[in-house]
Protein chains: 2
Amino acid sequence: MIKLSTKGRYGTRLMVNLARHYKNSNEAVILKNVAEEEGISIRYLEQIVIPLKINKLVKSIRGAGGGYTLARKASEIKLCEILQALEGSCSLVECLEDESFCEKIKTCGTYEIWKGATDLLKNYFERLTLQNVLDISDKKIAAAKKKGKSK
Amino acid sequence: MIKLSTKGRYGTRLMVNLARHYKNSNEAVILKNVAEEEGISIRYLEQIVIPLKINKLVKSIRGAGGGYTLARKASEIKLCEILQALEGSCSLVECLEDESFCEKIKTCGTYEIWKGATDLLKNYFERLTLQNVLDISDKKIAAAKKKGKSK
DNA sequence: ATAATTCCTATAAATTTATGTTGAAATATT
DNA sequence: AATATTTCAACATAAATTTATAGGAATTAT
Ligand code: FES
Ligand code: FES
């Protein structure tokens, strides 16, 4: 129906991975590890992390022993912020952000429809934090392990 | 944040346009007119209308005097159907439709997040019909005309 | 026959997705 | 202090997909 870009998908998983290894903002995770753990090309991750850094969601530490780390605690990072950083605009269609984008905006019936859907999404992602995602992930990992043992 | 493709945007406007001119499924509208009214390239519209036809949302009448028309009344066409026809899949990420798409699905925390968002959207577009969109559009056109007169 | 229209196929342009190459900065080691 | 190593940073390029344009064949009404 409506597709989340790979930037959005990979970038969010990158953030969850950083969150999983986060202790304090001085202990960094190297991108190579993230790439291996998540099965994503490291070269591509390097590009994806840039907007996250620009938007102050991650911190980079250069040189040996360096890497990336969350800029704040996972519970203080909203999913909405991550997606906005990665996808730029925060709406289903351009005209919601830039009214001059569509010429027929004054009479276009779909405008209100896309706006309604965008508001639903914004509200949803506004309520979720990176910590929420990490919790879901941890629970799934635990369940997978348990199942593996009992077999 | 999450982008609706031009296929989805243009295709929905095409459907609204057909709905506006719909009287019965024998009186067809030619694509050239839709293209002019909506400000979309006719060549591109020709491609966009194909999936709508395949999914039995519009009927085509070939030859001179032909054109396109809704296959049913606007009130009987759900927005969800239109988007599904145009965008193919009906979910924010592939893995919701095809579990083999993501390898880490068993432990991925974002899966549930994207599923939640997809369900919100599906539900929203399931409740809306093409007639709803047409009504909004008609209301906006009337308001625009009134404003124009009173000036 | 002619004109109007959809239908089909090809191709071009733009954007997104992904990989490769080199360089710069910080750190660890000697 | 010098050197080597590790890591991010920047730029370039390739592949795939989406977006858009073009030409002409098939079909139908007049
Ligand atoms: S005004 Fe932008 S899609 Fe209608
Ligand atoms: S994004 Fe598909 S399983 Fe995580």
Side-chain angles (χ1 to χ4, degrees), chain A residues 1-14 18 21 25-36 38-54 56-71 83 86-89 93-94 101-102, chain B residues 1-14 17-18 21 25-36 38-54 57-71 83 86-89 93-94 101-102:
Chain A
M1 187 119 74
I2 287 145
K3 214 186 47 193
L4 182 62
S5 75
T6 62
K7 237 179 171 175
R9 266 195 301 128
Y10 292 168
T12 309
R13 278 167 58 191
L14 165 62
L18 291 186
H21 297 110
S25 64
N26 296 320
E27 284 184 44
V29 176
I30 62 175
L31 226 46
K32 188 166 156 263
N33 287 355
V34 179
E36 273 166 16
E38 301 291 335
I40 305 170
S41 146
I42 185 173
R43 296 299 181 189
Y44 197 27
L45 272 185
E46 279 177 349
Q47 290 173 57
I48 289 170
V49 83
I50 293 172
L52 293 172
K53 196 192 156 182
I54 291 173
K56 304 255 164 75
L57 296 175
V58 305
K59 256 176 55 178
S60 72
I61 301 168
R62 298 184 71 161
Y68 290 95
T69 175
L70 295 186
L83 290 172
L86 291 165
E87 311 264 347
S89 124
V93 291
E94 277 289 305
F101 183 78
C102 278
Chain B
M1 187 118 75
I2 288 145
K3 214 187 49 195
L4 183 62
S5 75
T6 60
K7 238 179 170 176
R9 266 194 301 128
Y10 292 167
T12 309
R13 278 167 59 191
L14 165 63
N17 192 292
L18 291 185
H21 296 112
S25 63
N26 295 321
E27 285 185 43
V29 176
I30 62 175
L31 227 45
K32 187 164 156 264
N33 287 354
V34 179
E36 273 166 18
E38 301 291 335
I40 305 169
S41 146
I42 184 173
R43 293 299 186 180
Y44 198 25
L45 273 184
E46 280 178 350
Q47 289 173 58
I48 288 169
V49 82
I50 293 172
L52 293 172
K53 196 192 156 182
I54 291 174
L57 296 175
V58 306
K59 257 177 53 181
S60 70
I61 301 169
R62 298 187 69 164
Y68 290 94
T69 174
L70 294 187
L83 290 172
L86 291 165
E87 311 263 347
S89 124
V93 291
E94 277 288 306
F101 182 77
C102 279

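Proteins get letters first, then strands, A, B, ... in listed order; numbering begins at 1 in each. The shown structure was predicted, so the numbers you read here are calculated from the model rather than taken from an experiment.
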Checklist entry - What is the minimum heavy-atom distance between A:Ser41 and A:Ala35, and which atoms define it? => result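 That closest heavy-atom pairing would be C-CB, 4.4 Å.
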
What's the [atom1]-[atom2] distance between [X] and [N], to the nearest Å?
X       : N      : atom1 : atom2 : value
A:Lys32 : C:dG20 : NZ    : C1'   : 17 Å
B:Ile30 : D:dT28 : CD1   : P     : 18 Å
B:Leu31 : C:dT6  : CG    : P     : 5 Å
B:Lys3  : D:dT17 : NZ    : C1'   : 11 Å
B:Ile48 : D:dT21 : CD1   : P     : 11 Å
B:Tyr44 : D:dT17 : OH    : C1'   : 11 Å
A:Ile42 : C:dT19 : CD1   : P     : 12 Å
B:Ile54 : C:dT6  : CD1   : C1'   : 14 Å

Checklist entry - Hey, does A:Ile50 reach any base, or is it just sugar-phosphate, or nothing, if we go heavy atoms under 4.0 Å? => result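 A:Ile50: no heavy atom of the nucleic acid under 4.0 Å.
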
Next on the checklist: Quick check on DNA chain C: between A:Ala64 and A:Leu45, whose nearest nucleotide comes earlier from the 5' end?
Outcome noted: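 With A:Ala64 and A:Leu45 compared, the 5'-side residue is A:Leu45.
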
Item to check | Toward the 5' end of DNA chain C, by each residue's nearest nucleotide, B:Gly63 or A:Tyr10 | outcome: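 Closest to the 5' end, via its nearest nucleotide, is B:Gly63.
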
Quick one: is [X] getting a side-chain N or O under 4.0 Å of the [N] phosphate, OP1 or OP2?
X       : N      : answer
A:Ser41 : C:dT19 : yes
B:Tyr68 : C:dC7  : yes
B:Thr6  : D:dA20 : yes
B:Lys53 : C:dC7  : yes
A:Ser60 : D:dA9  : yes

Tell me whether the side-chain N or O atoms of [X] pair up with the base of [N] as donor and acceptor below 3.5 Å, since no angle test is needed here.
X       : N      : answer
A:Glu46 : D:dC8  : no
B:Arg43 : D:dT19 : no
B:Gln47 : D:dT18 : no
A:Arg62 : D:dA9  : no

Considering only heavy atoms from C-beta outward, does the side chain of [X] approach that of [Y] to under 4.5 Å?
X       : Y       : result
B:Tyr68 : B:Leu14 : no
B:Leu4  : B:Glu87 : yes
B:Ile40 : B:Val34 : no

Checklist entry - Between A:Arg13 (side chain) and A:Glu38 (backbone), is there a donor-acceptor pair under 3.5 Å? => result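 Judged by distance alone, yes, a pair lies under 3.5 Å.
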
